[in-house]
Amino acid sequence: MPRRVVVGLSGGVDSAVSALILKNKGYDVIGVHMMNWDGMEEGTSSCPRTKDESDARMVAHRLSIPFYSINFVKEYWNEVFTKMVDGYSRGKTIVPDIDCNSKIKFHHLHSYALERLSADFIATGHYASTSRGDFNDKETIDGKCRLLRGRDSLKDQTYFLCTLKQEQLRFNEKSVTLIEIFRRAIFPLGSMTKNQVKNMAFENGLVEASRRKESMGVCFVGKKKDFGQFIEEYIEGRCGSIIDCMSGEKIGDHCGVHNFTVGKRLSVGSKSHLGYFMVTTELCMRLVYTTEKDEKERLRWNLQLILLFILLNLQSTLLNGLSTLHLKIVVCFVEYNVVIPPSLVLLHWTDL
């Protein structure tokens, strides 16, 4: 009796070809489309059924496989979207696709497939693979399953699966861990390139899927023409100042730290022909720190000097206690990896 595989069908070419490959290999394939975003509540649609669902249903029809639609709107809102909004409100840049994979696809979808559809495996159209092979048919020496990059380095999606840990995510009372989840995960496109996938779709009658534009933007929400305007529907803007971190001067105003990403070029008048780039924020003061393009390396060097100072004075620091400045520097170094609010350096350099 053939092994049953549930394929997450998005309506795009990647998941369509994944289902095609598995069917050609003799698996009992079932297509499942996840509805994670409610366009009606957002006011962008008057129809509960989306084009994505229609495209996914068409793929299932062409492949003659059963098709189901499941609603994970509540789960996506509570476990993915609210976290993203909270992060942006605190000046962070959140990649919702990572949580979407670990919480929705590799938890709720897997649970549905196993409990409702009696699946042996769950497949997705990610450009990734595992140490158990693209079709989960190889044994590993230590019994563990490792996530591996796919063949197409330009489309590799293992970054978005980076939070899937062996000991993470449990299904139910049986305490099924991710090592067992990966034992059920299949990535049929792991050894293929994007061009090969598109050609295979076209050659097998999945013409619409092969010509469909790639999904962009926020996971399941889609690409927004004005992301700033979209996110402001969920975050109350709090105005503040934009500071040149090398001079300490105010060079502009802003309407919320959620509009900024580290490294983003800012339009703040004609004060610099090189342009200003966002460095970091101080949320409590609602300050956004920027630097000119040619100051980036000097800024990085200043941080390294400060870190060296902390290390050289570690013994006395431990004995006498961390000063507020030390704490701020350490926190910023950990949080931003290489960048701290330079105002701490300029305003408190004599303290060092």
Side-chain angles (χ1 to χ4, degrees), residues 1-34 56 59-60 62-63 65 97-98 100-102 104-107 109-110 112-114 117-166 168-169 176-204 206 209-210 214-215:
M1 189 168 180
R3 308 296 295 274
R4 175 167 291 180
V5 183
V6 166
V7 181
L9 284 182
S10 65
V13 66
D14 298 329
S15 60
V17 171
S18 295
L20 170 65
I21 291 172
L22 290 168
K23 184 180 180 183
N24 289 344
K25 281 186 167 290
Y27 288 95
D28 175 17
V29 181
I30 297 176
V32 173
H33 179 74
M34 295 174 287
V59 168
R62 291 283 173 83
L63 296 178
I65 61 174
D97 304 66
I98 295 175
C100 184
N101 280 311
S102 64
I104 307 300
K105 295 178 183 176
F106 282 83
H107 179 50
L109 175 60
H110 274 236
Y112 179 87
L114 293 171
L117 301 176
S118 301
D120 297 302
F121 299 104
I122 296 88
T124 58
H126 287 98
Y127 286 85
S129 188
T130 74
S131 54
R132 294 177 63 86
D134 296 346
F135 300 96
N136 221 318
D137 52 2
K138 297 179 181 178
E139 292 295 331
T140 56
I141 296 176
D142 58 4
K144 291 185 177 181
C145 186
R146 292 174 172 82
L147 183 65
L148 305 176
R149 288 188 298 177
R151 178 186 173 189
D152 193 330
S153 58
L154 294 178
K155 300 300 296 183
D156 176 67
Q157 293 174 305
T158 50
Y159 169 76
F160 300 108
L161 303 171
C162 66
T163 58
L164 301 182
K165 300 177 182 179
Q166 297 284 345
Q168 187 187 30
L169 292 181
V176 181
T177 61
L178 253 189
I179 188 170
E180 294 173 63
I181 291 180
F182 268 142
R183 282 176 177 167
R184 292 190 177 97
I186 290 182
F187 301 110
L189 307 186
S191 300
M192 300 181 70
T193 65
K194 185 71 175 187
N195 286 337
Q196 289 176 326
V197 170
K198 284 188 172 183
N199 290 337
M200 187 174 186
F202 188 83
E203 292 168 359
N204 286 271
L206 299 172
S210 68
E214 289 192 65
S215 59

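A quick note: this is a predicted structure, and the numbers were derived from the prediction, not measured. Below, each value reflects all heavy atoms present in this structure, side chains not excepted, and no hydrogens, waters or symmetry copies.
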Would you compute the distance between atom [atom1] of [X] and atom [atom2] of [Y] and round it to the nearest 0.5 angstrom?
X      : Y      : atom1 : atom2 : result
Ser15  : His126 : OG    : NE2   : 10.5 Å
Ile21  : Asp134 : CD1   : CG    : 8.5 Å
Leu9   : Thr124 : CG    : OG1   : 11.0 Å
Ile30  : Ile122 : CD1   : CD1   : 10.5 Å
Asn136 : Arg3   : CG    : CZ    : 9.0 Å
Leu148 : Arg132 : CG    : CZ    : 12.5 Å

Of all heavy-atom pairs between [X] and [Y], which one has the smallest distance, and what is that distance?
X      : Y      : result
Ala209 : Ala16  : CB-CB, 4.2 Å
Ser118 : Arg4   : O-CD, 3.8 Å
Val5   : Leu22  : CG1-CD1, 3.7 Å
Pro2   : Asp28  : CB-N, 4.1 Å
Ile98  : Cys162 : CD1-SG, 4.0 Å
Ser10  : His33  : O-CE1, 3.7 Å

Can you find a pair of side-chain heavy atoms, one from [X] and one from [Y], that are under 4.5 Å apart?
X      : Y      : answer
Val7   : Ile65  : no
Arg184 : Leu114 : yes
Leu20  : Val29  : no

Parallel, tilted or perpendicular, as decided by the 30° and 60° cut-offs, for the rings of Phe106 and Phe187: tilted
Any side-chain donor near an acceptor of the partner, Asp156 and Thr158, under 3.5 Å: yes
Tyr127-Asp14 side chain donor-acceptor pair, cut-off 3.5 Å: yes
side-chain contact (heavy atoms from CB on, under 4.5 Å) between Thr193 and Arg151, worked out: CA-CA 7 Å; Thr193 65; Arg151 178 186 173 189; 4.1 Å; yes
Derivation and outcome, side-chain contact (heavy atoms from CB on, under 4.5 Å), residues Leu189 and Ser18: CA-CA 7 Å; Leu189 307 186; Ser18 295; 3.5 Å; yes
Check against side-chain contact (heavy atoms from CB on, under 4.5 Å), Asn101 and Gln157: CA-CA 11 Å; Asn101 280 311; Gln157 293 174 305; over 6 Å; no
Leu154 vs Lys194, side-chain contact (heavy atoms from CB on, under 4.5 Å): CA-CA, chis, key distance, verdict: CA-CA 9 Å; Leu154 294 178; Lys194 185 71 175 187; over 6 Å; no
